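All of these numbers come straight from a predicted model, not from anything done at the bench. Because only heavy atoms are used, hydrogens play no part in the values below, and waters and symmetry mates are left out as well, while side chains stay in. So you know, we letter chains A, B, ... as the sequences are listed, proteins then strands, and number each from 1.
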Amino acid sequence: MSPAARKSGAAPDFIRGIIAGDRARGRHDGRVGTRFPPEPNGFLHIGHAKSIVLNFGVAAENGGTCFLRYDDTNPAKEEQLYVDAIARDVEWLGYRWSGRRRFASDHFERLYEFAETLIRRGKAYVDSLSAEEMRALRGTLETPGTESPWRDRSVEENLDLFRRMRAGEFADGAHVLRARIDMRSPNLNLRDPTLYRIRRLRHHRTGDDWCIYPMYDFAHALSDAIEGITHSLCTLEFEDHRPLYDWCVRESRAEFVPRQIEFARLNVSYTVLSKRRLLRLVEEGVVSGWDDPRMPTIAGLRRRGAPPAAIRAFCDRVGVAKRDSTVDVALLEYAIREELNRTSRRFLGVLDPVRLVVENFPEDRVETFTAVNNPEDPGAGTREIPFTRELFIERGDFLEEAPRKWFRLSPGREVRLRAAWLVTCTGFTKDADGRLTEVRCRLDPASRGGSAPDGRRVRGTLHWVSARHAVPVEVRLYDRLFRTEDPGRDGDLFADLNPDSMTTVRGQAEPAVRDLGPGDRIQFERLGYFVCDPVDSVAGQPVLNRTVTLRDAWARIRKRQRR
RNA sequence: UGGGAAGUCGUCCAAUGGCAGGACACACGGCUCUGGACCGUGGAAUCGGGGUUCGAGUCCCUGCUUCCCAGCCA
């Protein structure tokens with residue numbers, strides 16, 4: 001489990017407790033084997049990340065193995081595109097699966113043999129009912145089902161029919177193989193569930209080798225048994241499939257007996273995580289694709305600028321339990337900020353520029369200041385920033401009439417220009433529409449580097465860019481995709497979309513941003529964390545995606561004052 | 001009027017039958033050349049009703065609420 005055998009930050013949970021108990025009792029000789037079993041019919045999302053972190057984490061902690069196994073038993077929905085995307089995302093998250101990638105389809109022949117065993121033992125039969133007829137006989141939640149008229153075919157007839165199903169003698173839907181369990185079971189999953197269906201579809205791996213495909217319950221349980229999975233971790237909705245899981249393993253006479261354990265799937269406030277709904281967002285063009293930075297997909301989070309370590313930390317903090325829960329998206333944002341604060345280089349960039357003229361600084365002079373790249377990491381070094389008479393500052397950092405707690409620019413007020421000088425506002429100009437066009441100031445020649453010689457306190461520090469040296473950058477400001485905590489709860493998912501989930505601005509940044517490469521994650525001081533978009537950036541002309549804002553104390557004060 | 005599962009601060013996760021704790025969020029304060037980060041303080045919870053016990057979030061009974069299940073999807 002080499003590089004991914006990282007120290008997990010996860011707290012002990014009930015699953016780890018069960019596994020520790022199993023090992024203590026010498027079950028499976030203390031060996032632990034898990035698997036992450038995605039269906040390749042969509043992109044992985046943050047909910048899958050929870051499962052990945054759990055499965056790989058538990059295996060690593062116990063010196064065990066974790067397989068990546070695709071549950072590819074339904075050729076109608078599965079595609080190679082998704083197979084590749086899934087592998088890439090798992091690797092990007094920082095995990096290495098044991099050995100080669102696995103596919104349920106690797107086991108089709110073995111699974112077929114297990115099915116024949118079932119038939120020979122009188123535990124499965126070929127049913128010739130239509131899907132509708134079968135549904136009618138299944139009964140309801142509260143009333144028992146009725147046995148199919150084909151339920152008592154002889155072993156010989158069943159075997160013959162099943163082999164002919166495989167041989168392609170029948171049309172799609174003509175027959176299915178069913179488990180022979182109990183049509184009166186209160187657990188609907190045990191009312192003779194379908195094990196195999198005929199589907200004349202090209203499979204992304206086995207091509208046209210098969211025209212019958214196994215169903216999930218059968219294929220998953222026995223794939224686990226074949227692969228020696230000791231602990232098969234899945235989500236709560238499979239809880240009442242567990243009797244069927246155990247039945248398949250037992251009645252097929254599999255030599256290895258895995259154990260299924262269910263935990264609560266992840267839900268996150270202000271986002272949706274169902275494949276169906278994510279697919280809708282993609283197909284209806286609400287977002288630009290599976291990797292749109294507003295998507296909760298791994299690909300989306302990556303393009304948004306979230307580091308894999310942050311996603312792992314988030315999953316560890318979320319914990320593992322059996323109760324349905326919705327994690328506050330603020331916890332995800334916190335995990336991202338925490339990681340980025342430690343690791344990202346700082347830059348100065350102005351997103352809504354207005355000109356600041358330093359009246360007592362000569363027109364032709366260029367001064368260079370040295371700025372720290374990351375105050376949290378001395379090893380990150382420093383960089384040079386040019387300073388000239390005409391600068392850009394943030395329009396929002398000037399107020400004509402400022403309140404007492406305003407630590408920024410306003411006539412007569414003094415602020416620090418980050419890493420440079422202390423300046424005092426001497427005036428401003430507006431156009432005919434009353435829009436601010438320019439701010440003027442004078443610097444204190446004794447304050448070079450930004451500290452006041454007389455020790456006077458200057459509370460505010462502004463970011464700035466030399467107008468002459470500024471690099472224009474396209475910046476996309478992302479916000480949550482939905483404006484309600486539980487999107488779609490009142491029916492219409494689209495009605496809950498946040499109209500401001502993305503705005504694009506033209507900013508001005510310090511020269512060093514020209515060196516940014518695709519995927520580089522930075523902080524624009526006082527604004528937030530940004531990533532150099534790997535798709536739309538060109539050399540020397542970075543396009544930046546805002547990952548998450550910095551916490552903003554002033555915004556909170558303002559909000560409070562409005563109330 | 002079936003079966004399965006779950007109910008602990010606003011949110012998420014803990015607590016051999018023995019002082020209900022941590023994180024996020026929130027509020028207040030400190031510190032700061034990012035109103036960032038960091039540090040400190042605070043408010044904040046055992047679904048209800050019975051019972052067992054010296055002692056119950058934990059055990060028993062009962063009620064309530066929420067989630068999942070009637071694919072030839074996974």
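Across all strands shown, the partner of B:A23 is B:U11, judged by Watson-Crick or G-U wobble contacts whose two distances both fall under 3.5 Å. Across all strands shown, B:C69 is found opposite B:G2 as a Watson-Crick or G-U wobble partner, with both distances under 3.5 Å. In this structure B:A74 sits in no base pair that meets the Watson-Crick or G-U test at under 3.5 Å. If you check B:A45 for Watson-Crick or wobble pairing at under 3.5 angstrom, you find it has no partner at all. Both distances falling under 3.5 Å, in either a Watson-Crick or a G-U wobble arrangement, occur for no nucleotide opposite B:U52.
Donor-acceptor pairing under 3.5 Å is recorded for the side chains of A:T370 and A:E384.
Within 4.0 Å (heavy atoms only), A:R346 reaches at least one base atom of the nucleic acid. Note on A:H241: a base of the nucleic acid sits closer than 4.0 angstrom, heavy atoms only. Residue-level contact check: A:M215 touches the backbone only, with heavy atoms under 4.0 Å from sugar-phosphate atoms and none from bases. Residue contacts for A:T326: at a heavy-atom cut-off of 4.0 Å it reaches the sugar-phosphate backbone alone, with no base atom in range. Among the atoms of the strands shown, none is found under 4.0 Å from any heavy atom of A:L190. Base engagement by A:K77 is indicated by at least one non-hydrogen atom pair under 4.0 Å involving a base atom. Nucleic acid contact class of A:N341 (heavy atoms, under 4.0 Å, all strands): base. Among the protein residues, A:V320 comes within range of the sugar-phosphate backbone only, with heavy atoms under 4.0 Å from sugar or phosphate atoms but none that close to a base. Counting any heavy atom pair closer than 4.0 Å across all strands shown, A:W406 reaches a base atom. Residue A:T194 is in sugar-phosphate contact alone, with no base atom involved, counting any heavy-atom pair closer than 4.0 Å across all strands shown. Contact annotation for A:P243: no contact, since no heavy-atom pair falls under 4.0 Å across all strands. No engagement by A:S185 is indicated, since no non-hydrogen atom pair under 4.0 Å with the nucleic acid exists. Using a 4.0 Å heavy-atom distance criterion, A:F238 is classed as a base contact. Within the nucleic acid shown, A:R317 comes within 4.0 Å of sugar-phosphate atoms alone, with no base atom in reach, counting heavy atoms only.
The nucleotide whose nearest atom lies closest to any side-chain atom of A:T140 is, among B:G3, B:A70, B:G35, B:A70. Closest to the side chain of A:L331, from the set B:A25, B:A5, B:A23, is B:A23. In the set B:C72, B:A6, B:C13, B:C13 carries the atom at the smallest distance from any side-chain atom of A:S325. For A:A131, whose side chain is taken as the heavy atoms from C-beta onward, the closest listed nucleotide among B:G35, B:C72, B:U11 is B:C72. Listed nucleotides B:C72, B:C26, B:G35 differ in distance to A:R551; the shortest reach to its side chain belongs to B:C26. Minimum atom distance to the side chain of A:A321 is reached by B:A14, of the listed B:A70, B:A14, B:C72. You'll find that the side chain of A:T461 is closest to B:G35, out of B:G3, B:G35, B:A74. Proximity note for A:V176 (side chain, C-beta onward) versus B:C72, B:A74, B:G35: the nearest is B:C72. Minimum atom distance to the side chain of A:Y216 is reached by B:A74, of the listed B:C67, B:A74, B:G35. Closest approach to the A:Y334 side chain among B:U32, B:A25, B:C67 is made by B:A25 (side chain taken as heavy atoms from C-beta onward).
When the P atom is used for both B:G17 and B:G57, the distance is 13 Å, rounded to whole Å. Spacing of C1' atoms, B:U52 relative to B:C59, comes out at 8 Å, to the nearest Å. The same atom, P, is picked in B:U58 and in B:C72; the two are 42 Å apart, to the nearest Å. Across B:G71 and B:G49, the matching P atoms stand 41 Å from one another, rounded to whole Å. Distance check on atom C1': B:A23 versus B:G55 gives 30 Å, rounded to whole Å. Between B:G43 and B:C26, the two C1' atoms lie 9 Å apart (nearest whole Å). Nucleotides B:C9 and B:A25, compared at atom C1', are 11 Å apart to the nearest Å. One P atom belongs to B:U11, the other to B:G63, and the distance between them is 27 Å to the nearest Å.
Of the charged side-chain nitrogens involved, none lies within less than 4.0 Å of a carboxylate oxygen, so that A:E227 and A:R102 do not count as a salt-bridged pair. Salt-bridge formation is not detected for the pair A:E147/A:R184: no Lys NZ or Arg NE/NH1/NH2 atom is positioned less than 4.0 Å from an Asp or Glu carboxylate oxygen. Under a 4.0 Å N-O distance rule, the pair A:D127/A:R197 does not qualify as a salt bridge.
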(request) Step by step, work out the ring pair (Phe, Tyr, Trp, His ring centres under 6.0 Å) result for A:Y270 and A:F482. (result) CA-CA 6 Å; A:Y270 296 95; A:F482 296 98; 9.4 Å; no
(request) Take A:H48 and A:F43 through the test ring pair (Phe, Tyr, Trp, His ring centres under 6.0 Å) and record every step on the way to the result. (result) CA-CA 9 Å; A:H48 294 107; A:F43 274 57; over 10 Å; no
(request) Given ring pair (Phe, Tyr, Trp, His ring centres under 6.0 Å), test A:F238 with A:F263 step by step and report yes or no. (result) CA-CA 9 Å; A:F238 293 104; A:F263 63 93; over 10 Å; no
(request) Could you walk me through whether A:F218 and A:Y196 pass the ring pair (Phe, Tyr, Trp, His ring centres under 6.0 Å) test, one step at a time? (result) CA-CA 9 Å; A:F218 179 76; A:Y196 269 89; 5.6 Å; yes
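For the pair A:R205 and A:Y70, the cation-pi criterion (under 6.0 Å, within 45° of the ring axis) is not fulfilled. Figure legend: A:R337 and A:Y529 shown without cation-pi pairing, the cationic atom not lying both under 6.0 angstrom from the six-membered ring centre and within 45 degrees of its axis.
Using a 90° window around 0 for the glycosidic torsion, B:G71 falls inside it and is classed as syn.
A close approach under 4.0 Å does not occur between any side-chain nitrogen or oxygen of A:R265 and OP1 or OP2 of B:C12. In this model, the phosphate group of B:U32 is not approached by any side-chain N or O of A:R526 to a distance below 4.0 Å at OP1 or OP2. Phosphate contact (OP1/OP2 of B:G71, side-chain N/O of A:R138, threshold under 4.0 Å): present. Residue A:R191 has no polar side-chain atom (N or O) positioned under 4.0 Å from OP1 or OP2 of B:C69. Considering only side-chain N and O atoms, A:R337 lies nowhere under 4.0 angstrom from the phosphate OP1 or OP2 of B:C24.
Rounded to an integer number of Å, the gap from A:D246 CG to B:G4 P is 15 Å. The CG atom of A:D486 sits 14 Å away from the C1' atom of B:U11 (whole-angstrom rounding). Put simply, CZ on A:R16 is 12 Å from C1' on B:C13, counting in whole angstrom units.
Between the side chain of A:E376 and the base of B:G36, a donor-acceptor pair under 3.5 Å is found. No donor-acceptor contact under 3.5 Å links the side chain of A:R135 to the base of B:G71. The base of B:G3 sits within donor-acceptor range of the side chain of A:D240, with an N or O pair under 3.5 Å.
Comparing A:E237 and A:G460 along RNA chain B, the residue whose closest nucleotide (by nearest heavy atom) sits nearer the 5' end is A:G460. Along RNA chain B, the nucleotide nearest to A:P12 and the one nearest to A:N189 differ in position, and the one closer to the 5' end is contacted by A:P12.
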